[in-house]
Structure formats: C-alpha cells, structure tokens
Novice: 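One structure, pasted below without further comment.
Lettering of chains follows the sequences in order, A, B, ..., and the numbering in each one begins at 1.
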Protein chains: 2
Amino acid sequence: MLSGKTDQELKELSIKTGNACVGFNLRRTARLLGRLYDEAFEPLGLKGTQFSLLMAVAGNKDATIGELAQPLGMERSTLSRNIVVLQKKGLVTVEEGEDRRQQKISITEQGIFVLQEALPLWERIQERLIGELGVERINNLLEDLQSLSQGTKEK
Amino acid sequence: MLSGKTDQELKELSIKTGNACVGFNLRRTARLLGRLYDEAFEPLGLKGTQFSLLMAVAGNKDATIGELAQPLGMERSTLSRNIVVLQKKGLVTVEEGEDRRQQKISITEQGIFVLQEALPLWERIQERLIGELGVERINNLLEDLQSLSQGTKEK
DNA sequence: CCTTAATATAAGTATATACATATATTAATT
DNA sequence: AATTAATATATGTATATACTTATATTAAGG
C-alpha cells in the first residue's frame, strides 16, 4: 500500500522504478539524443526525425503512407502529418496512386541533395556514440531495440 | 554523391542507415513500447509518460520544475506543460515557493492512489519485456541507455 | 447494377517535445 | 537605493505522436 509509505520509501520506489523502467529510459535517451541530432542537422533546416523519415522515403520508391508506416512503427495518421512537413519543405512529392485512395510518396532532387549534405553530419554523431559506448555495445543496443520492436508487433 | 545513385543503391543506403542509426531505433522502439504502456495504463486515464512523471514527482518532494527537469532530461518548458496535465487530473499540486519565481510540485493523495493502481500494471509490462529479452539483456540495455544519457549531458 | 463492407488517408483532439521569447522575481553592482 | 544582471517559469510557435472519427474510394455480395 503506497498511501502509508513515508517520503523516504516513496523516494526509493521512485528511484528504483526510474532506473528499471525500459519505457522511461528509452524516452529520456531519445529526448536527449534527439536534441543532439536536431542540433547537428539544424544548418539544413532539418530535424533528426525528418532525416530518418526522408531516408525511409528515399529507400522506398513510390511507397504509400501505409507501406511506410509499417517499418517505421508509426501510426499512419502520424506519418500522414509528418509527410506534409517534408512536402512543404520541398523534399518529397505526394501524388495519387492508381488506387485513388492511396498517396505515393517520392523524394525530390532537393530531398536527395539534403540527404547528401546530412549524411556526414549523421556519421559524425554515429562516431561520437560509438566512441562513447564502443562498437560492440552499440551493436548490442541496436539489436536489443530491434528485438523489442519486433516483440511489440507480435501481440 | 547521392544524386547519381540508382534506386537500388538508395534503397541499400536507407536500410543500412536505418539499421545503424541509434536515434531512429530509439525513437521507433520508444513509439512502439509507448503504445504498450499507454494501453496498460488506459483504465487509469494515464499515459506512460504521465506515470513516469508522476513517479518522479512522488520521489522528489517539493521539487521545482527546474529540479525535476534535470534528472528527467527534459526541457523545463516541456515539463512545465506536462505538469499542468497532471495538475488538471488532480494528481499533483503546484504552489509558489519562498522564492516566488519557483513552483513547488507535490503529489496528491489521489496521485498516490493512482500510482498504487498503476504499479502492478507497470510490473506486468516489465515482466513481459524481461520475458522477451531476458533479464541480462534488459539490464545491459538500461545501462547503455543511461550511459548515453550521461554522455549527451557532458559537452 | 446497387448496396454494403472494407480500406486508405485526412482531420479533430489531446499530449509530448523543444527553442525562442516574455514576464516576474531575486541577486549583484554601482 | 536604483539600476542591471541573472534566474525560474510560462507562453508563442512548430513538430511529433496517437486515437477517434470523417471522407473518399475500391471491393464484395446480392
């Protein structure tokens, strides 16, 4: 029963769950690293999230919202809005598919140019993170994140 | 030079950076797990993010926005808004400090009650994730996330 | 063919997030 | 003491995110 707990006990519970909670630690690290990426891409007028999405568009020619959302682990409604942001920047085009419910997303020449400029900035962060944890721990981390992502998809 | 790349080459680059990018994988996993937590806490009208924040408030009696923001790795302006959400739900109180610029945040009785209800739901997810990766990989993951969080703060 | 069901995306609403700027308050300088 | 600098929080603006609902389009059943 928490209601009877002293401040000290509450404090210990808070620290314990904070240290152990996968969700919290994921979000916190994502926030902190997110600012790193945003800062790096800032000269290109790009956010880290936008770099990832643009890269996904580049690698999936003429994909629809639904097709992109799947590997990104993102709601289609979310993706729909994120695509508009890239479209307004002139980095992607959106056009009706043969099935007129669908929207085919493609990267523009300008989008490819921006990716080209962004790539070395991305690599610099990658190197920095590898420098901090070492390549093995980074690779383990990436594998674990991918396993967890897989795991949530299977009900 | 990306501009000259074929679709196939772009596709391979996209897959390679997608698999290697720490930021992207963090965000994707955070999104997917976030939905798991949100679903679990839904009966309490709570999101995963709100559970973590409420737990942090519980463990830091009379902390200010600034004091809370630090360990959460969150901008004070963000935290300021997130606290309002908990306040409107009646889970925390906000009152002026002796230094009248500051706001002292405290958990309410109702907040403690909600935490109490949430705790077993949180543990169920924790067990599920440990069941998927094993306790060692989960602990490694948590350590790595904490190291990365530390790393971004320096410099 | 027409109605109904299924599907794809967008729009409505709410929260999470950050940066820049505004506001209020305290501390420091002269 | 009065002015200036520093600090704490809130607000403006924009993006990211998800759930629910609306809209448009295609597919299925009769």
Side-chain angles (χ1 to χ4, degrees), chain A residues 23-24 26-42 45-54 56 63-70 72-89 91 94-105 152, chain B residues 23-24 26-42 45-54 56 63-70 72-89 91 94-105 152:
Chain A
F24 168 64
L26 274 176
R27 281 193 309 274
R28 179 174 54 182
T29 310
R31 276 196 296 272
L32 291 166
L33 286 197
R35 290 189 244 171
L36 222 64
Y37 286 95
D38 288 353
E39 184 182 9
F41 294 136
E42 192 273 332
L46 212 63
K47 304 251 186 186
T49 50
Q50 296 165 0
F51 168 78
S52 297
L53 178 51
L54 190 56
T64 64
I65 299 277
E67 288 163 352
L68 280 172
Q70 225 290 314
L72 294 172
M74 194 178 284
E75 280 296 310
R76 286 172 302 178
S77 62
T78 301
L79 184 53
S80 176
R81 287 188 157 109
N82 294 354
I83 284 292
V84 171
V85 176
L86 294 186
Q87 186 186 23
K88 283 196 289 195
K89 289 179 192 283
L91 306 179
V94 179
E95 47 187 337
E96 223 173 42
E98 314 90 63
D99 182 334
R100 280 165 32 219
R101 289 170 300 185
Q102 297 181 335
Q103 301 287 322
K104 302 285 194 180
I105 318 295
T152 57
Chain B
F24 167 64
L26 274 177
R27 282 193 307 275
R28 179 173 55 182
T29 310
R31 275 196 296 272
L32 291 166
L33 286 198
R35 289 189 245 172
L36 222 64
Y37 286 94
D38 288 353
E39 185 182 7
F41 294 135
E42 192 273 333
L46 211 63
K47 305 251 189 186
T49 50
Q50 296 166 0
F51 168 77
S52 299
L53 178 52
L54 189 56
T64 65
I65 299 279
E67 288 163 352
L68 280 173
Q70 226 289 316
L72 294 172
M74 195 179 285
E75 281 296 311
R76 286 171 301 178
S77 61
T78 300
L79 184 54
S80 176
R81 287 185 158 109
N82 293 356
I83 285 292
V84 171
V85 176
L86 294 187
Q87 187 187 22
K88 284 195 290 196
K89 289 179 192 282
L91 306 179
V94 179
E95 47 186 336
E96 224 174 41
E98 315 88 64
D99 181 334
R100 277 162 38 219
R101 290 170 297 185
Q102 298 181 334
Q103 302 287 320
K104 303 284 195 179
I105 318 295
T152 57

Novice: Tell me the interatomic distance from A/L46, atom CG, to D/dT15, atom C1', rounded to whole angstroms.
Specialist: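 Spelled out: CG on A/L46 to C1' on D/dT15 is 12 Å.
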Novice: Specify the separation, in whole Å, of atom CZ of B/F24 and atom P of D/dT17.
Specialist: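 Between P of D/dT17 and CZ of B/F24: 10 Å.
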Novice: So, is B/T49 near the phosphate of C/dT15, with a side-chain N or O under 4.0 Å from OP1 or OP2?
Specialist: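 No, because none of the side-chain N or O atoms of B/T49 sits under 4.0 Å from OP1 or OP2 of C/dT15.
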Novice: Mind calculating the distance between CZ (A/R31) and P (C/dT17) to the nearest angstrom?
Specialist: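 The distance from CZ of A/R31 to P of C/dT17 comes to 5 Å, rounded to the nearest Å.
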Novice: For residues A/A56 and A/L72, report the shortest heavy-atom separation together with the two atoms involved.
Specialist: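 Minimum heavy-atom contact is CB-CD2, 3.9 Å.
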Novice: May I ask you to check whether A/S52 and B/R27 show a side-chain donor-acceptor distance below 3.5 Å?
Specialist: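 Looking only at side-chain atoms, B/R27 and A/S52 do form a donor-acceptor pair, the distance falling under 3.5 Å.
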Novice: Starting at atom CG of A/D99, determine the distance to atom C1' of D/dT23, rounded to an integer number of angstrom.
Specialist: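 Going from CG in A/D99 over to C1' in D/dT23 covers 14 Å.
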Novice: Rounded to the nearest 0.5 Å, how far does CD of A/E39 lie from NZ of A/K47?
Specialist: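 Interatomic distance, A/K47 NZ to A/E39 CD, rounded to 0.5 Å: 12.0 Å.
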Novice: I want to confirm an ordering. Mapping B/K47 and A/L32 to their closest nucleotides on DNA chain C, which one lands closer to the 5' end?
Specialist: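 The answer here is B/K47.
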Novice: Could one point to a donor on the side chain of B/R101 or the base of D/dT9 with an acceptor on the other under 3.5 Å away?
Specialist: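 Flag unset: no donor-acceptor pair detected.
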Novice: Please report the interatomic distance NZ(B/K104) to CD(B/E98), rounded to the nearest 0.5 Å.
Specialist: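 Going from the NZ atom of B/K104 to the CD atom of B/E98 covers 5.0 Å.
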Novice: Among B/L46, B/L53, B/I83, exactly one meets side-chain contact (heavy atoms from CB on, under 4.5 Å) together with B/L91. Which residue is that?
Specialist: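 Checked B/L46, B/L53, B/I83 against B/L91; only one passes side-chain contact (heavy atoms from CB on, under 4.5 Å): B/L46.
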Novice: Check the distance between D/dA16's P and A/Q87's CD and give it to me in whole angstrom.
Specialist: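 Taking CD of A/Q87 and P of D/dA16, I get 14 Å after rounding.
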Novice: For a quick check of understanding: with a heavy-atom distance under 4.0 Å over all strands, which category does A/E98 fall into, base, sugar-phosphate or nothing?
Specialist: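 Sugar-phosphate, no base atom in range.
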Novice: Rounded to whole Å, please give me the gap between CG in B/D38 and P in C/dA14.
Specialist: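 These atoms are roughly 16 Å apart.
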Novice: Hey, which of these two, A/R76 or A/R35, hits DNA chain C nearer its 5' end, going by closest nucleotide?
Specialist: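 Looking at the nearest nucleotide for each, A/R76 comes out on the 5' side.
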Novice: Expressed as a whole number of angstroms, how long is the span from A/M74:CE to C/dA8:C1'?
Specialist: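 Nearest whole value for this atom pair: 17 Å.
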Novice: Assign A/S77 to base, sugar-phosphate, or nothing according to its heavy-atom contacts below 4.0 angstrom with the strands shown.
Specialist: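 Here A/S77 touches the bases of the nucleic acid.
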Novice: Indicate whether OP1 or OP2 belonging to C/dA24 is found under 4.0 Å from a side-chain N or O atom of B/Q102.
Specialist: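 No, outside the criterion.
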Novice: Could you check which residues of residues 78-85 of chain A get a heavy atom under 4.0 Å from DNA chain C? Sort them by number, please.
Specialist: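 Here the set is A/S80, A/R81.
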Novice: A/R100 near the nucleic acid: base, sugar-phosphate alone, or nothing, with a heavy-atom cut-off under 4.0 Å?
Specialist: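 Contact class for A/R100: sugar-phosphate only.
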Novice: Check this for me: does any side-chain nitrogen of one of B/R31 and A/E75 sit under 4.0 Å from a carboxylate oxygen of the other?
Specialist: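 No, B/R31 and A/E75 are not salt-bridged.
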Novice: Can you check the B/Q50 CD to D/dA18 P distance for me, whole Å?
Specialist: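 From B/Q50 CD to D/dA18 P: 15 Å.
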Novice: For the residue pair B/I65 and B/R76, what are the closest heavy atoms and their distance?
Specialist: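 Result for this residue pair: CG2-O, 3.6 Å.
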